[in-house]
Structures are given as structure tokens and as C-alpha cells.
Amino acid sequence: MTQQTKLTVQALQWTGEALKVLDQRQLPETIIFDDYRDAAGVTDAIATMRVRGAPAIGIAAAYGVALSVIQHTAEDPVHWQQKVAADIDMLAKSRPTAVNLFWALEQMKTLLDRPLASPVEAFIECAEKIHADDISANTKMGELGADLLADVKGVMTHCNTGALATGGYGTALGVIRSAYQRRPINVYAGETRPWLQGARLTVWELAQDGIPVTLLADSAAAWLMKSGAIDWVIVGADRIAANGDTANKIGTYSLAVLAKQHGVKVMVVAPTTTIDWSIDNGDRIEIEQRNQNELLPACFIKEGSLVSAWNPVFDVTPAELISAIVTERGVVLNPAEQGIRGLKDVI
Ligand code: MRU
């Protein structure tokens, strides 16, 4: 973490023996942290969205592995590696779309094969580095993204991509934070149905930082663009394919299609840990389907109900609808034309 990075909200806090998680299901009404002391607890916190957002999921999972090592080296000093490997498999099943989860687990897994004098210290150190590197990446992306916003009047964001969704500061919201520090801009946040990450989390986070924000229903986005109030839609990502196709919160694709119609630009902001170099395009990204009861009105949640719900929680925006991908390694303008492979080898 750089000295300058100001973290208003820290949703994930490592105490040395437990992971403190700000329960995002209860925001903004209630601010409550729960302590997790084993990988099963962290898996449940991710699956139930107490912790959410691609980078935060990866960081929480890394600490989950560290907790597993603390537990199993104490319980079974001889066979602890097998137990930790089983916990890693369990954590990997918590959510399917955010590639940061699998990336972070891979980093932790490499330690399992190494002879370690102090396994507990080594695993904790690795998780803390994943956390700190994410904050540094966010700070860097904030500055790079803000450079693209020199003349803008207004921007719209979707979902929550801030400190709550990352190690701290944020991806798309980090860019908005950095841009606002340079000069006030009008910030609009879509509600982000059905889980209301925008209405509950983004507006709360911005208000914590003293940044004014205007909330709108997702269905009002076209009309907002038509009014000329915004120049950019700025979003995060859960997985970016090697051609720049980007999976993000359901509704991102709709915004990108609307943006094209209205001459509004689309910026995707994500650390390179969100890029899945193993897939050529977005068709191979698994889209999480969540329980229909997250969407259904309570009166239809009953045996024999004739009303069901379709609840995909991510969609894929084709690279050709994206004007810029901002990473900590640099910015790719018009990724469909430029390609993003160049980011792979940048240190
Ligand atoms: O279902 P969620 O709330 O975990 O989805 C989060 C998003 O889609 C974010 O936009 C994405 O993870 C980027 S967060 C920096």
C-alpha cells in the first residue's frame, strides 16, 4: 500500500489470526464486521456475498487459505498440505465468474509444493502481498483513468467497484475518486438490480468520501445518456478475455449498447489479475446464475408457484463496445482494434 493511498473504507482486515469482513449485505443501514477463522467460513462469506467484487473475493480467498494453513498445521503437522488443498478446492467453488478468485488461489497453491521453514508465516505473507498489490494497482489505475477524463462533465458507473469490492480504493470507483480530487465532476450511479450494489454500496461509499452522487434506476440510463449529462460509462470487470471481451455485473452490456447509440464512451477499469489469458473470447466465461429468490417478490416464493425468475448476475460486453481498458500496467484504447496482449509482458 502506498503512503498516499487514503482508505476511507476497509472491508477486509487481517488481524494476524482472523479475517474481519464488513458484511455488505447489511449496508448501508448497518456497519458490522464478522470474524472468520477458517476456510469454510470464508467460503460461505463469499458465496453469500458478505464479501463481493472480483478483487475482494480473490483477496478474501487468499486469507481463507492462510486460515486453513493456521488450522491444519496445528491439527495435523504431518498431512496438513492435503487438508489445505481440499480447502482450496472448496474456496474455488464459492463463485464461478470472477477470475481473481482462481488467480489468488493459484498463487497460494504454489506455496504448497515448496519446502517452507514457517508455513504459517509464508502463507500469511503471500495473502498480505496479494492484498497490498491490489491497493497499489487501484491507485495507479485511478491516476491513469483520471487522465482520460480531463474534459468530462459527468460519468455514470454501475455496480460497486470501490473499496468494498477491492483491497481498498477501487477500480472504476478509484478512477472516479482520483478524477474528483483533480476537479469536481457529476457522478451518476445506477441502482444495479437486483442486489442493488449501486443503490446500497456505491452511493454510500462516495458519500463517505464527500463525493456527491446522483442515483438513478437502471432503466433510466438511456434517458440520462440522451440528455447529454454523461461522457463516459465507467465500470469494473470480473473477467476479461484475451481479446478484451469483458464480463461484469449484469446490465453492463446494456449500458455499452446504449452508450454506442448516444456517443458515450465506455471505460473498463481492472487490474491485470482480472484478465484470463487462457480464454480467447468472452464466450467461454461462465456466467453465474444465482437463486431466483434473490429476484422474486416474496409472495411468489412458494411451492407450486407459477412465477419463476431468471437471474444471471453477469453479462459479457464485446470488446468492440469498449473505448478503453485501464489496468495498472497501462491503458489500451479501442481494445478491439489494438488488442490487449501487449499488457501481458509489461512489468
Ligand atoms: O456480484 P458482485 O457484486 O460480486 O459483482 C461485482 C461486479 O460485477 C464488479 O463490477 C466487479 O467485480 C469489479 S469490482 C472492482
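Read the numbers this way: they start at 1 and go in the same order the structure lists the ligands and their atoms.
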Ligand 1 to G53, heavy atom cutoff 4.0 Å, flagged ligand atoms 4 (O), 6 (C), 12 (O)
Carboxylate-amine/guanidinium proximity below 4.0 Å for D209 and R177
yes
For ligand 1, which is the ligand I care about here, please tell me if T161 has any N or O atom under 3.5 Å from one of the ligand's N or O atoms.
no
If you measure from the Lys or Arg side-chain nitrogens to the Asp or Glu carboxylate oxygens, is any gap between E205 and R200 under 4.0 Å?
no
Could you check atom 10 (O) of ligand 1 against the protein and tell me its nearest heavy-atom contact, residue, atom and distance included?
N248 OD1, 2.6 Å
At under 4.0 Å between heavy atoms, which part of T166 makes contact with ligand 1: side chain, backbone, both or neither?
side chain
Using 4.0 Å as the upper bound for N to carboxylate O, is an ion pair formed by R193 and D218?
no
Only heavy atoms count here, so choose which of A237, A247, A165 is nearest to atom 13 (C) of ligand 1.
A237
Closest non-hydrogen contact found for A259 with V266 is CB-CG2, 3.7 Å
Answer with side chain, backbone, both or neither: which part of F314 has a heavy atom less than 4.0 angstrom from an atom of ligand 1?
side chain
Check D44 with R50, please: is the shortest side-chain N to carboxylate O separation under 4.0 Å?
yes
Side chain or backbone of K249 under 4.0 Å from ligand 1, or both, or neither, by non-hydrogen atoms?
both
I'd like to know if D147 pairs up with R182 as an ion pair, taking the criterion as any Lys NZ or Arg NE/NH1/NH2 lying under 4.0 Å from an Asp or Glu carboxylate oxygen.
yes
Please confirm whether R52 comes within less than 3.5 Å of ligand 1 when only nitrogen or oxygen atoms on both sides are compared.
yes
Pair T246-N248, side-chain donor/acceptor within less than 3.5 Å
no
Atom 12 (O) of ligand 1: which protein heavy atom is closest, and how many Å away?
A54 N, 2.8 Å
Identify, for atom 15 (C) of ligand 1, the protein heavy atom at the shortest distance, and state residue, atom and that distance.
T171 OG1, 3.1 Å
Is M49 close enough to touch ligand 1? Criterion: a residue heavy atom under 4.0 Å from a ligand atom.
yes
Note the single closest protein heavy atom to atom 11 (C) of ligand 1, along with its residue, its atom name and the distance in Å.
D238 OD1, 3.1 Å
Straight-line distance of T157 OG1 to M267 CE, nearest 0.5 Å:
10.5 Å
